[in-house]
Amino acid sequence: MDTFQHLHMPRKFKILLVGKACIDYISFITEFPLEGEEKQYMPRKFKILLVGKACIDYISFITEFPLEGEEKQVIEKTFRPGGNCINSSVVLGSLLKRPECVYLLSNFSTDCSSDDSITYLNRYGVDTTLCPRIDKEIPESFVFCSVTTGSRTIVHNASSFPLLGTSPFLASMEKHAFDWIHFEARNYGENKEHFSETPLLKMLQHVIGLRKKRNSLVISLECEKIRVSKAQSKLLLLIPADIIFISQQFASAFEWKSPEEAVKEAAKLNTYSDFVCTWGATGCACYSSKRQKCTFVEAKKIKVLDTLAAGDTFNASFIYNRLLGKEIEECLEEANALAAKKCQKIGLDNIYA
């Protein structure tokens, strides 16, 4: 029998510890720097929420696109979760390499393909616990990528799967205090509601109210496509988000001919927000409302292999570098560089090497 088994702790005792005290200044970084190299430190704790639409991408890589009625052999095929915010969350999760930082809010189905999608996202450190599960078939995209030109063609099956409503979003606001909330501009009038009564506007109005109480909260909005009328879509540019991302397709609908023209014209409509516009192989531009300055960065000359999710990679890199405290002009440079790296590789794995 253990000698000490029946010994009892005294009811009252005192312990003295003698040693040296110091102050620990702890910095979290993405990886250790080499000797003589500089690294940016990350804030000790912050949370990013991305709000958007999920789908399943079935991706086929071919040497060139077939003519109508022609057959082509597929070189490689894969499937993975798709959607702008989904892709951006994967890139952010890979860049941050820290748990409980990147949260996704998007409707998923109850089927096996959505189970696989959530497993895939979790592998990159993306928290999906806020995502509602709906007993309907999730939208599918059939993507054909040319390895010769790097371009892609997408055929989308939207089905009757509902877009995210306000209730799950408001519930997520009660559970977490986010430092950055990024919205994909969807559900702002597809069902012909009045613009201010649409789910997207209600969500944005809520977080704008939160920002008045918490000045550190950052709101960003991505305007990729004209999903309803041009007039209603243009109202998105009036929203006082901190950063508004504009795609070439969105800008071209208003006959803006370059990324510089797009951000300058958008800034005339809204003096609060900073604007960022990407323009494919031409480059990208940003407009700082604080400095009233437009900056253009030329696209890097590269051998393009896969452009799928290049814009989503750009947005994620921009957000990441802004979190590091960099000015938007430097964020533009970094985002442009990472998007170029992504275009030289298939998929989103190892695009940072």
* Do Ser216 and Asp179 meet the criterion of a side-chain donor-acceptor pair at a distance under 3.5 Å? -> no
* When clusters are formed by joining ILVMFWY residues with side-chain heavy atoms under 4.5 Å apart, either directly or through shared neighbours, do Leu308 and Ile346 land in the same one? -> yes
* Classify the ring geometry between Tyr103 and Phe178 as parallel (under 30°), tilted (30 to 60°) or perpendicular (over 60°). => perpendicular
* Structure fact -> Sequence neighbours excluded, the answer for side chain to side chain contact (heavy atoms under 4.5 Å, CB included) partners of Asp242 is Arg211, Val218, Ile219, Tyr272
* Hey, would you say the Phe183 and Phe169 ring centroids sit under 6.0 Å apart? -> yes
* Got a salt bridge between Glu265 and Lys268, using NZ or NE/NH1/NH2 to carboxylate O under 4.0 Å? -> yes
* **Non-hydrogen atoms of Asp274 and Ser289 that approach each other most closely** => OD1-N, 2.8 Å
* Over all heavy atoms of both residues, which pair between Leu236 and Cys223 is shortest? Give the atoms and the distance, please. => CB-SG, 3.9 Å
* To do: Assess the side chains of Ser113 and Asp116: does a donor N or O sit below 3.5 Å from an acceptor N or O?
  => no
* Would you call Arg133 and Asp115 a salt bridge, taking side-chain N to carboxylate O under 4.0 Å as the test? -> yes
* Short N-O contact, Asp306 and Lys342, less than 4.0 angstrom -> yes
* Quick one: which residue pairs count as a side-chain hydrogen bond (donor to acceptor under 3.5 Å, both in side chains) with a foot in residues 160-171, not counting sequence neighbours? => none
* To do: Return yes when atom CZ of Phe296 has more than 12 non-hydrogen atoms of other residues, nucleotides or ligands closer than 6.0 Å, and no otherwise.
  => yes
* Looking only at heavy atoms, what is the nearest atom pair of Glu329 and Ser288, with distance? -> OE2-CB, 4.0 Å
* Structure fact -> Joining Ile, Leu, Val, Met, Phe, Trp and Tyr whenever any side-chain heavy atoms lie under 4.5 Å apart, the cluster holding Trp279 also takes in none
